[in-house]
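Chain naming here is simple, since letters A, B, ... match the order of the sequence lines and numbering starts at 1 in each. No experiment lies behind these values; they were computed from the predicted model shown.
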Number of protein chains: 2
Amino acid sequence: MSGNKEQQIIEAAIRVFARKGLEKGRIADIAVDAGIGKGTVYEYFRSKEEIFTAIESSVMQEMMNQLAGLVGSDLSPRNKLEALLEQGMDAMIGMGDAILIMTELWAQAARGLWHDSGDTFLEEVYEEFRVIVKEILRAGVEAGQFREMSYEGVATLLLAFMDGLAWQYMLIRDHEKFENVKKEAIRSFMRGINK
Amino acid sequence: MSGNKEQQIIEAAIRVFARKGLEKGRIADIAVDAGIGKGTVYEYFRSKEEIFTAIESSVMQEMMNQLAGLVGSDLSPRNKLEALLEQGMDAMIGMGDAILIMTELWAQAARGLWHDSGDTFLEEVYEEFRVIVKEILRAGVEAGQFREMSYEGVATLLLAFMDGLAWQYMLIRDHEKFENVKKEAIRSFMRGINK
DNA sequence: AAATTATGACTGACCAGTCGGTCATACAAG
DNA sequence: CTTGTATGACCGACTGGTCAGTCATAATTT
């Protein structure tokens, strides 16, 4: 039961923060959820802030890994993009209730926009994602599969698309109903850019 | 300077919550921003919670009013939908920094999903919106302007679309750059459902 | 001068982070 | 083998600071 305690704490923290929010989620709650003492949490993390940062990294890392697998594949641009959408949404569904942590990530990033002049971690990830998508789009246009477009515009649109769907999925929380949305979403998006 | 004090407080609260977040934004901050004493805030609102609820109503009310104007118009379904997208995004841009409050609304709603079995306020608004959009879509299909589709699926997609774009706009915060995205977004979405 | 409205000092609840202490385990000496 | 000793993971009571909400008083209006 006691494997990597750091991971154990992160997973507990995701559950707690998803349920209560970043501010209301107490360190004591995380400790209880992880089945350890409060003091022990501080053996592994310096502060609450640091736990949240670790969650951010963990969630984003996973997304990026999945993305990397796709990019390396030898699918056609159209199939690559479809797979991207499909897998992205399946990943959301796979997160279960932990997906509610996404709103905390977003809210946190939004607050950051006021303070730091510079990049949030989340912004960096988005930029990375956008670069990859633009590349697929360009390849698709060159292959004659996609219409002419503003790559930057459509890449941003795709991000909006996926975040928005994540949000809708949180609200719906009904796999079956969401399957319907997912199907239409992919169909509409692809029709929107296909030649 | 002292018109409707309730509205004055709400506006101050939007600024404060957008900048600091719902938890970190102190009542004292709101009072200072509104140019009144802390105690006075409690003359108009019973609690912090109540202020937030008022913000929710205020923001959503405005959205709904705008929507109602469109529905009543005698535009064709296609033009109605395009106007909906266009106006929706212009409304976002018009919110300025106050748009950052949206993430707080979302995060709050997400937390609510754990506790209440029933509907969040936000969920109700979404449902209302979906009903209106479905009606436009149905009219469009009947008029031969739109392809056959799952109304529920596409309506949800449209919501995802707009929320996602709101989020991207928050991150970009560059009107010019966003104009580009906006144009592609509308083009792609309409292509996705046009016959 | 009574009523209404505004104020900010005050209070009590709450919680992140600290720290002195416990205890299971490992290793060494007898 | 078993007694003694060292280690550091683990713990939760405690502290210091923060902040929502209260209330006695002050200012303003009627």
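Although no hydrogens or angles enter the test, the distance criterion places no donor-acceptor pair under 3.5 Å between the side chain of B:Lys80 and the main chain of B:Gly140. Under a 3.5 Å cut-off, the side chain of A:Gln168 and the backbone N or O of B:Thr156 do not form any donor-acceptor pair.
Following rounding to the nearest Å, A:Arg46 (CZ) and C:dC19 (C1') show an atom-to-atom distance of 16 Å. If you measure from atom CZ of B:Arg26 to atom P of C:dG8, you get 15 Å, rounded to the nearest angstrom. At whole-Å resolution of the value, NZ in A:Lys38 and P in C:dC15 are 10 Å apart. The distance between atom CD of A:Glu50 and atom C1' of C:dA16, rounded to the nearest whole Å, is 14 Å.
Within 4.0 Å (heavy atoms only), A:Tyr44 reaches sugar-phosphate atoms of the nucleic acid but no base atom. A:Gly25 comes within 4.0 angstrom of the backbone, heavy atoms only, and of no base.
Side-chain proximity of B:Ile27 to D:dA20, D:dG12, C:dT7: nearest is D:dA20. Considering only the side chain of B:Tyr42, D:dG21 comes nearest among D:dG21, D:dA13, C:dC15. Nearest to the side-chain atoms of B:Glu43 among the listed nucleotides D:dG21, C:dA6, C:dG17 stands C:dA6.
Taking only side-chain nitrogens and oxygens, B:Lys5 comes nearer than 4.0 Å to OP1 or OP2 of C:dA6. In this structure, A:Thr40 does not reach the D:dA9 phosphate: none of its side-chain N or O atoms is under 4.0 Å from OP1 or OP2.
The residues B:Lys20 and A:Glu23 are annotated as not salt-bridged, no charged nitrogen and carboxylate oxygen being separated by less than 4.0 angstrom.
Nearest heavy atoms, A:Phe45 versus A:Glu6: CZ-CG, 3.5 Å.
When each of A:Glu49 and B:Gly37 is assigned the nucleotide of DNA chain C with its nearest heavy atom, B:Gly37 is the one assigned upstream, toward the 5' end.
For D:dG21, its base never sits under 3.5 Å from the side chain of B:Lys48 at any donor and acceptor pair.
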